[in-house]
Amino acid sequence: MKIASVIVDVPTFQTNKPFDYLIPEKFEEVIQKGMRVIVPFGSRKVQGFVVELKDVSAIEELKEIVEPLDAIPVLNDELLYLGNQLARQAFCLKLTAYQVMLPPALKAKYEKYITLKKDGLGKLPHSLEQFFQEKGRVSWTEGEKKVGSSFLYRAVKKGWIDVYYEVKDKGNKKLIEYFRPVDDLSTFKQKVFATSRLGKVQKKIIDYYLSDFRPHSTTELSKQFGNVRGSLQSLERMELLKSESFEQYRDPYKNRTFTKTKPLLLTEDQKRAIGPIVQTIEKELHQVFLLYGITGSGKTEIYLQSIQEVIRRGKEAIVLVPEISLTPQMVERFKGRFGDKVAVLHSGLSVGEKYDEWRKVQRKEVQVVVGARSAIFAPFENLGVIIIDEEHETSYKQEEVPRYHARDIAILRGKMHRCPVVLGSATPSLESFARAQKGVYRLLTLEKRMNEKGLPDVQIVDMREELRTGNRSMFSRLLLEKIKERLSRKEQIVLLLNRRGYSSFVMCRDCGNVLQCPNCEISLTYHKVTNEVKCHYCGYEARTPNVCPDCGSEHIRFFGSGTQKVEEELGKLLPNVRTIRMDVDTTRKKGAHEKLLKAFEEKKADILLGTQMIAKGLDFPNITLVGVLTADTMLHISDFRASEKTFQLLTQVSGRAGRHELPGEVVIQTYTPEHYSIQLAQKQDFRQFYQREMIMRKNGQYPPFYYLVQIQVSHENLQLVVSIMEKIVLFLRSKLSKEVLILGPSASPIGKIKNKYRYQCLIKYKKEPDLIDILQKVQEMFQQDQRSKNVSISIDLNPYTLM
DNA sequence: AGCACGCCGACT
DNA sequence: GTCGGCGTGCTC
């Protein structure tokens with residue numbers, strides 16, 4: 001095995017295949033499949049993944065691998081297989097697939113350097129030459145700043161300077177440096193005695209060691225005596241002390257203690273549900289379960305006890321939760337039960353923290369991973385169960401390039417490990433429930449709430465009626481009255497509004513002109529605090545104009561209400577009310593989400609006002625009222641899942657009220673009270689909603705009756721976009737079967753984003769065995785355009801947003 | 001991605 | 001006649 005096939009870190013389709021390299025003799029024992037290596041590629045050095053070892057290559061002249069980057073492969077055989085599968089189904093590069101499966105810390109960084117050649121002596125500007133004298137080499141960016149890139153290019157041509165690349169090995173592991181005495185105490189004393197001269201600081205350090213004879217960390221010593229690095233190094237040279245480094249994990253939960261919990265006694269309902277799961281774990285069978293349990297019915301306890309069984313058998317478990325509900329509360333439940341057997345992976349962690357948590361898995365120091373979508377790639381090798389909580393959540397589908405669904409990966413892994421996959425939800429996705437009905441998944445149900453409490457009382461308020469009777473505020477009389485009632489009882493309230501900012505659009509009352517983003521086909525949102533209008537798609541910001549830019553009229557008005565406006569209106573109606581606002585704007589900073597929730601938990605506010613991010617996971621005993629300000633905002637977007645999403649959101653948010661001793665109430669305000677998704681959310685009747693919605697989907701030829709593929713082309717040039725899209729559709733029509741429905745080409749619902757026009761087509765199909773290969777061809781056919789003209793063609797299997 | 005090579009128009 | 005723009009092809 002002297003040759004390694006390597007996928008290089010060059011993100012283009014042209015290089016999306018293995019390149020062969022010779023393994024130098026000194027690394028023959030070291031280099032394995034799945035490791036990262038540095039290889040020469042053209043004129044530079046790049047990172048790569050070894051995907052195969054072999055003895056012969058079709059290529060005549062091979063270059064040698066420079067060096068390995070890992071001691072243990074970062075991708076095991078299963079992950080390599082998953083990566084290839086992912087690349088195929090998500091139409092992405094193998095490289096990209098490997099990268100999403102790994103923590104971002106392992107992604108290579110490159111730095112371009114220049115060095116001075118003999119011929120360049122005296123030819124460069126002073127500022128640059130000085131640099132060379134000081135450091136010997138200069139980073140390209142630094143040099144560029146000094147003398148400009150064109151000069152540098154010329155200097156390279158003239159042979160004055162050399163350019164080379166370095167793969168930056170980021171010291172990812174956090175090391176703690178210790179100094180320990182070289183000898184035992186008596187030898188140490190003798191040596192000290194024999195040493196003729198000791199500096200002042202050195203003496204202090206020696207005394208410290210004499211009083212406490214054990215290793216001390218550099219940080220500890222520095223705290224005592226100031227900056228002592230130099231002195232310590234001298235002592236090391238005198239062979240009194242010796243430095244040692246230990247790796248230390250960055251523990252995001254280090255200052256938290258978790259109260260140990262014991263398995264709870266299961267209700268009859270729960271026992272019935274967990275039985276089949278445990279059986280499949282015991283028999284080592286693959287089976288997908290849909291655990292349908294109403295809010296508060298104790299799904300988490302079933303997860304916990306299934307995992308317990310898995311751990312007992314020496315196996316491992318992955319638990320996926322939606323990012324947003326990965327709150328301390330959730331983490332606490334798992335850490336409380338399984339202690340340090342748990343690693344946590346979510347986007348709130350720093351790059352280093354993620355890397356450390358990931359490595360705990362790699363080194364088999366933990367048996368459980370709780371995490372968001374990408375945690376499905378946790379490198380366990382002996383999985384006993386995979387759990388996906390809130391299975392219906394759209395955040396399990398990655399909307400960027402590798403467009404994968406965590407559920408699909410979970411099932412793939414479940415098959416390979418012969419273990420169950422448990423999908424849990426109070427409002428399952430239609431797709432999953434339909435599969436359960438067909439027997440593809442096995443349905444398990446929890447129909448009762450654990451505490452035997454009834455579901456909260458839900459009331460619907462017709463806002464048209466409110467308008468007719470002269471109430472033009474955002475709050476119906478009923479909701480306002482109930483808010484006041486809770487305030488006087490010192491109970492807490494959650495208000496949901498699905499729109500951030502102040503108002504959703506700005507319109508001129510004279511000419512009807514709506515302020516639009518200059519780069520996107522989207523109306524601008526008014527933010528009062530900064531008096532700006534913003535585009536939530538491209539980030540465009542501008543001062544709010546005083547007059548209409550179209551007709552010059554001063555009658556510019558704001559329509560629709562966002563969280564900012566509601567907050568303001570609340571302040572006017574109830575002057576002393578304490579409100580916490582939670583939306584993308586207030587939770588941008590790291591840890592802000594957590595902090596706001598904590599403040600609410602500690603009753604520092606009466607009302608929690610937020611967008612859908614508050615709908616999940618919070619479980620505070622004092623919440624007795626949930627208000628949904630406008631239930632219809634989501635209903636009218638052009639999305640075949642609009643009703644489903646509305647039903648899910650209303651049901652989920654209703655579940656926030658009255659989870660404990662105090663009974664809960666929910667008020668839903670709407671302009672379309674007759675709509676079935678609102679009516680059935682009131683009754684919390686999932687099954688009936690399912691029946692109704694399935695009829696709609698069947699008529700509309702949507703999932704779960706048809707599978708969907710979205711192909712989207714975007715570019716600055718509209719003609720180009722249209723012509724490519726047309727060619728694609730023509731090609732598809734010629735290749736796909738007659739039963740397939742191809743819709744389009746048509747402009748995307750948002751026809752332009754960031755100055756790029758967007759066109760799309762939709763494929764609806766039931767069975768199309770060659771589909772992936774045909775779509776792969778589409779990708780290939782337009783490779784040239786994608787590269788040279790910068791056209792982007794995205795193919796999305798089972799898309800979740802059709803915007 | 002980065003780089004070389006080749007072709008073309010524009011300018012010293 | 002040379003400089004520099006871009007389209008194309010190649011990197012084991």
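Chain letters run A, B, ... following the sequence lines, proteins first and then strands; every chain starts at 1.
Of the candidate nucleotides B/dC3, C/dC12, C/dC10, B/dC3 has the atom nearest to the side chain of A/Y165. For A/S43, the side-chain atoms get nearest to B/dC3 when compared with the rest of B/dC3, C/dC12, B/dA1.
Residues of residues 17-24 of chain A that place a heavy atom closer than 4.0 Å to DNA chain C, in numerical order, are A/K17, A/F19, A/D20, A/Y21. For residues 44-58 of chain A, proximity to DNA chain C is found at no residue, defined as any non-hydrogen atom under 4.0 angstrom from a strand atom.
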Atom pairs, N/O to N/O, protein against nucleotides 4-8 of chain B, distance under 3.5 Å?
none

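Nucleic acid contact class of A/Q14 (heavy atoms, under 4.0 Å, all strands): base. Base engagement by A/I59 is indicated by at least one non-hydrogen atom pair under 4.0 Å involving a base atom.
Note: CZ (A/F13) to P (B/dG2) measures 18 Å, nearest angstrom.
Around atom CD of A/E780, more than 12 heavy atoms belonging to other residues, nucleotides or ligands sit under 6.0 Å away. Enclosure of atom OH in A/Y707 is not indicated, since only 12 or fewer non-hydrogen atoms of other residues, nucleotides or ligands lie within 6.0 angstrom.
Judged purely by atom type and a 3.5 angstrom limit, A/D70 uses its side chain to pair as donor or acceptor with the backbone of A/R36.
Using cut-offs of 30° and 60° for the angle between ring planes, the A/F19 and A/F41 rings count as perpendicular.
In this structure, A/R407 is not positioned above the aromatic face of A/Y396 in the sense of NZ or CZ being under 6.0 Å from the six-membered ring centre and within 45° of the axis. For A/R403 and A/F91, the positive end is not near the middle of the six-membered ring at less than 6.0 Å and at most 45° from its axis.
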**Request:** Check the pair A/Q786, A/S792 against side-chain hydrogen bond (donor to acceptor under 3.5 Å, both in side chains), reporting the backbone distance first and the verdict last.
**Result:** CA-CA 6 Å; A/Q786 294 197 59; A/S792 95; over 6 Å; no
